[in-house]
Amino acid sequence: MSELYIRVAEDENEEPMEIPSEDDGTVLLSSVAAQFPGACGLRYRNPESQCMRGVRLMEGVLHAPENDWGNLVYVVNYPKDNKRKMEEIDAASAVKIKRGFQKTSDLIVLGLPWKTTEQDLKDYFTTFGEVIMVQVKRDAKTGNSKGFGFVRFTEYETQTKVIAQRHMIDGRWCDCKLPNSKVHVACPDEPMRSRKIFVGRCTEDMTTDELRQYFMQYGEVTDVFIPKPFRAFAFVTFADDQVAQALCGEDLIIKGVSVHISNAEPKHNNIHQLFPNFPGGSASLAAMFDRSQYQFPSSHV
DNA sequence: GTTGAGCGTT
């Protein structure tokens, strides 16, 4: 109750980082994840038993043991396996890469300050890994930045890391994403397993932040979408499709309400809704789309 | 000479 900050580290022997607590003495999982992307909880060594203990987590809120965080160093938990760290998860996905041989692709960098140059971008992103291309998109006439650009890394691991976090560049928070044109091109012949879940029976008081905080315990959340006006459901997207698939069919309790998790259906399931003038039947078209790398514009797949 | 969600002239 007394501390404004609690000390958190990836490992007991590593340099701890101070994480702010809330007014009621709790700590938001999102506060931890802001410094340790992908974190799903905390643990600590109980001074009496010398055993590791989990910190109580309810709906994205971490509660102090014995109502007092004390002076302990708390250790970050990562999804799937408490002993497994983010690097090891990345290593696991590196196995997939070997199999499917995933190349790196250009990443779009959104939210750049107007003044940021390509040299600035290169200097910043080189701190993550070797950079092979940077671009700042500019108006052809004036030369003014359009506020976004592109970056390409040599290592796929670097790309994964960069996408997973936000970036403070010249005083503004920026996001790096796979460009729309490249989404799902990375693994063309893999069957599409959605990273997005449908959350049914939502109540109107559930906010995107609350849903994000809740679902973070299962894995890294990359997007939360609540249709407006209220329609009693939401979409949550995870970084890992396995996390999304594992939750399907579950009934989960959020803010005391039972919500139902199922697969997110594509928003558009009729080709002719997208291309009303396209000749011929839809069967061959559908087959074509199954094999294509096309992503439905602004849909929730 | 302004701006702030988005998606790439060469």
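Bear in mind the structure is a predicted one, so any value in this text is a computation, not a measurement. Here is how names work: the chains are called A, B, and so on, in the same order as the sequence lines, proteins then strands, and each is numbered from 1.
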Pairs satisfying salt bridge (charged side-chain N to carboxylate O under 4.0 Å, His left out), at least one member in residues 46-58 of chain A, at least two apart: none
With A:S49 via side chain to side chain donor-acceptor pair (under 3.5 Å) - residues at least two apart: A:N46
Members besides A:M133 in its Ile/Leu/Val/Met/Phe/Trp/Tyr cluster (side-chain heavy atoms under 4.5 Å): A:I108, A:L110, A:F148, A:F150
Counterpart residues, side chain to side chain donor-acceptor pair (under 3.5 Å), relative to A:E18 (two or more places apart): none
Base-contact (B) and sugar-phosphate-only (S) positions in nucleotides 3-10 of chain B, heavy-atom cut-off under 4.0 Å, - elsewhere: BBBBBBSB
Nucleotide B:dG1, atom P - distance to NZ of A:K141 in whole Å: 12 Å
Where at least one partner belongs to residues 104-126 of chain A, residue pairs that pass salt bridge (charged side-chain N to carboxylate O under 4.0 Å, His left out), sequence neighbours excluded: A:D106-A:R152
